[in-house]
2 protein chains.
Amino acid sequence: MAAVDLSTHPGHLARRLQQAHYLLWNTMVSEEITSPQFAVLNALVAEPGMDQRTVGERVGLDRSTVAEVVSRLGRRDLIDKVRDPEDGRRSLLRPTEDGVRTHRKLTVRTARMNQVFLAPLSAAEQTVFLDLIQRVSDAAEGLRNPAEPIASQR
Amino acid sequence: MAAVDLSTHPGHLARRLQQAHYLLWNTMVSEEITSPQFAVLNALVAEPGMDQRTVGERVGLDRSTVAEVVSRLGRRDLIDKVRDPEDGRRSLLRPTEDGVRTHRKLTVRTARMNQVFLAPLSAAEQTVFLDLIQRVSDAAEGLRNPAEPIASQR
DNA sequence: CCTAATTACTCAGGGCACTGAGTATTTCAG
DNA sequence: CTGAAATACTCAGTGCCCTGAGTAATTAGG
């Protein structure tokens with residue numbers, strides 16, 4: 001009767017997009033390491049020694065989720081976790097050698113998967129697509145953090 | 001070192017987009033009914049009496065997830081669930097009066113939320129955005145179901 | 001008919017994502 | 001220097017999402 005067409009609802013489409021990606025990741029990249037786990041690993045390869053909070057900020061995960069992902073990566077010995085001697089609240093994270101190796105391997109596969117994922121779009125459309133998603137996400141995240149002052153470079 | 005820029009990874013962006021939507025939904029639409037729950041309710045308002053499998057197909061949820069969502073909607077007395085007398089395997093689902101009322105209320109709020117969510121884009125960009133997400137999702141879902149024959153209209 | 005395949009659903013298990021409450025540590029105000 | 005505020009993390013609870021295995025009912029083959 002008064003039902004709505006969900007294909008005009010960005011939230012619904014976002015969920016479907018994410019699910020589609022999840023499946024493709026599973027078949028083309030890894031069945032063990034998930035996309036969020038790769039994101040955390042990637043952040044730590046870029047900048048070893050970050051604490052959990054900072055990692056979460058970088059990859060867009062909240063405190064609890066980071067803790068879980070970190071614990072799984074630790075269980076697989078892909079990252080190390082040590083208490084910061086200078087600030088006993090923090091845990092400092094860094095990839096192990098195995099972690100770096102795994103990251104390298106998955107990076108290649110991820111690139112291939114992205115190509116397949118975006119294949120239905122032309123090169124120009126792909127650029128637009130990434131830009132639009134990013135702008136919407138950034139704006140929506142901005143709604144959460146009220147009027148944060150200008151980010152300093154450190 | 002060899003780290004990757006995740007802002008060019010559609011999967012990562014898809015996850016962030018969905019999270020952003022989740023937060024906005026929570027503040028602007030409902031704290032009790034989630035977006036997937038609304039999707040199921042919406043499908044049942046459009047076509048009461050579907051079984052769980054069909055609902056899942058319509059809204060893009062797998063068997064297990066539909067079962068969970070349905071059980072939550074049932075707990076809130078928004079839908080009824082009865083065994084199909086003609087086929088004892090099926091559960092037939094239909095919204096209760098309260099379910100229809102709730103659906104109507106949330107429809108209004110959802111429309112408002114979508115406006116806010118898409119506000120950073122121009123009207124033309126919004127159209128492109130929805131189209132691109134849909135095409136990518138459809139294509140990726142197509143990779144899963146191998147060579148399905150042309151869908152019949154019933 | 002009656003067995004075998006199919007179909008709808010359930011259940012257990014792993015992982016992501018959020019909130020609210022609690023703990024430990026550090027920092028800051030007085 | 002000490003008590004209060006802030007910070008990093010943990011834990012419990014809820015919900016979404018998938019897979020693989022199991023159960024009950026229906027359909028199809030011989």
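Proteins get letters first, then strands, A, B, ... in listed order; numbering begins at 1 in each.
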Open item on the list: Using a 4.0 Å heavy-atom cut-off, does Gln19(A) contact any base of the nucleic acid, only the sugar-phosphate backbone, or nothing at all?
Closed with: sugar-phosphate
**Prompt:** What nucleic acid atoms does Thr34(B) come within less than 4.0 Å of, heavy atoms only: base, sugar-phosphate, or nothing?
**Reply:** sugar-phosphate
Under 4.5 Å between side-chain heavy atoms, counting indirect links through other Ile/Leu/Val/Met/Phe/Trp/Tyr residues: same cluster for Leu73(A) and Val100(A) or not?
no
With sequence neighbours left out, the residues meeting side chain to side chain donor-acceptor pair (under 3.5 Å) with Gln52(B) are Lys81(B)
Trp25(B) CH2 to dC18(C) P, in whole Å, measures 17 Å
_Please classify the nucleic acid contact of Glu68(A) as base, sugar-phosphate, or nothing, using heavy-atom distances under 4.0 Å._
base
Picking from dC9(C), dC9(D), dA8(D), the nucleotide nearest the side-chain atoms of Ser91(A) would be dC9(D)
Rounded to whole Å, CG of Asp51(A) lies from P of dT10(D) at a distance of 11 Å
Residues at least two apart in sequence or cross-chain that pass side chain to side chain donor-acceptor pair (under 3.5 Å) with Thr65(A), listed by chain then number, are Asp62(A)
Closest to the 5' end of DNA chain C, once Tyr22(A) and Glu86(A) are matched to their nearest nucleotides, is Tyr22(A)
With the side chain defined as heavy atoms from C-beta on, Leu61(A) is closest, among dA24(D), dT10(D), dA17(C), to dA17(C)
Residue pairs meeting ring pair (Phe, Tyr, Trp, His ring centres under 6.0 Å), one or both in residues 59-103 of chain B, sequence neighbours left out, come to Phe38(B)-His103(B)
Rounded to whole Å, the CD-C1' distance (Gln18(B) to dC18(C)) equals 12 Å
With a 4.0 Å limit, can you tell me whether Arg53(A) has a side-chain N or O closer than that to the phosphate oxygens OP1/OP2 of dA8(D)?
yes
From the candidates dT10(C), dG15(C), dT27(C), the one with an atom nearest any side-chain atom of Ala67(B) is dT10(C)
Between CD of Glu32(A) and P of dG13(C) the distance, given in whole Å, is 20 Å
Whole-Å distance, Asp62(A) CG to dG15(D) P, equals 17 Å
query = Passes side chain to side chain contact (heavy atoms under 4.5 Å, CB included), Lys105(B) versus Arg109(B)? Steps please.
reply = CA-CA 7 Å; Lys105(B) 191 175 64 185; Arg109(B) 297 196 199 159; 3.6 Å; yes
Query raised in the report: Looking at Lys81(A), does any N or O in its side chain come under 4.0 Å of the phosphate oxygens OP1/OP2 on dA8(D)?
Result: no
With Asp51(A) as partner, the option from Arg90(A), Arg89(A), Arg63(A) fulfilling salt bridge (Lys or Arg N to Asp or Glu O under 4.0 Å) is Arg90(A)
task: For the residue pair Thr96(A) and Asp98(A), confirm or rule out a side-chain donor-acceptor distance under 3.5 Å.
output: no
Ranking Pro85(A) and Gly60(A) by the position along DNA chain C of their nearest nucleotide, the one closer to 5' is Gly60(A)
Is the phosphate of dA8(D), meaning OP1 or OP2, less than 4.0 Å from a side-chain N or O of Arg90(A)? yes
All heavy atoms of Met113(B) vs all of Met28(B), minimum pair found to be CA-CE, 3.8 Å
Closest to the side chain of Asp87(B), out of dA25(D), dC9(D), dT7(D), is dA25(D)
Between the protein and nucleotides 20-23 of chain C, which nitrogen or oxygen pairs come in under 3.5 angstrom?
{"unit_1": "dG20(C)", "atom_1": "N7", "unit_2": "Arg63(A)", "atom_2": "NH2", "d": "3.2"}
{"unit_1": "dG20(C)", "atom_1": "O6", "unit_2": "Arg63(A)", "atom_2": "NH1", "d": "3.0"}

Taken to the nearest whole Å, CD/Gln37(A) to P/dA17(C) is 10 Å
Whole-Å distance, Met50(B) CE to dC9(C) C1', equals 17 Å
Separation of dC18(D) atom P from Arg16(A) atom CZ, nearest Å, is 12 Å
Without placing hydrogens or testing angles, list every side-chain donor-acceptor pair under 3.5 Å for residues 123-135 of chain A, not counting sequence neighbours.
{"unit_1": "Glu125(A)", "atom_1": "OE1", "unit_2": "Ser122(A)", "atom_2": "N", "d": "2.9"}
{"unit_1": "Glu125(A)", "atom_1": "OE1", "unit_2": "Ser122(A)", "atom_2": "OG", "d": "3.4"}
{"unit_1": "Glu125(A)", "atom_1": "OE1", "unit_2": "Arg135(B)", "atom_2": "NH2", "d": "3.0"}
{"unit_1": "Glu125(A)", "atom_1": "OE2", "unit_2": "Arg135(B)", "atom_2": "NH1", "d": "3.1"}
{"unit_1": "Gln126(A)", "atom_1": "NE2", "unit_2": "Leu118(A)", "atom_2": "O", "d": "3.0"}
{"unit_1": "Gln126(A)", "atom_1": "NE2", "unit_2": "Leu121(A)", "atom_2": "O", "d": "3.1"}
{"unit_1": "Thr127(A)", "atom_1": "OG1", "unit_2": "Ala123(A)", "atom_2": "O", "d": "3.1"}
{"unit_1": "Asp131(A)", "atom_1": "OD2", "unit_2": "Arg135(A)", "atom_2": "NH1", "d": "3.4"}
{"unit_1": "Arg135(A)", "atom_1": "NH1", "unit_2": "Glu125(B)", "atom_2": "OE2", "d": "3.1"}
{"unit_1": "Arg135(A)", "atom_1": "NH2", "unit_2": "Pro120(B)", "atom_2": "O", "d": "3.3"}
{"unit_1": "Arg135(A)", "atom_1": "NH2", "unit_2": "Glu125(B)", "atom_2": "OE1", "d": "3.1"}

| message | Assess the residue pair Ile33(A) and Arg76(A) against the criterion (side chain to side chain contact (heavy atoms under 4.5 Å, CB included)); give the C-alpha distance rounded to whole Å, side-chain angles, the decisive distance to 0.1 Å, and a yes or no. | response | CA-CA 10 Å; Ile33(A) 312 299; Arg76(A) 291 184 184 283; 3.7 Å; yes
Numerically ordered, the residues 102-115 of chain A set in heavy-atom contact under 4.0 Å with DNA chain D is none
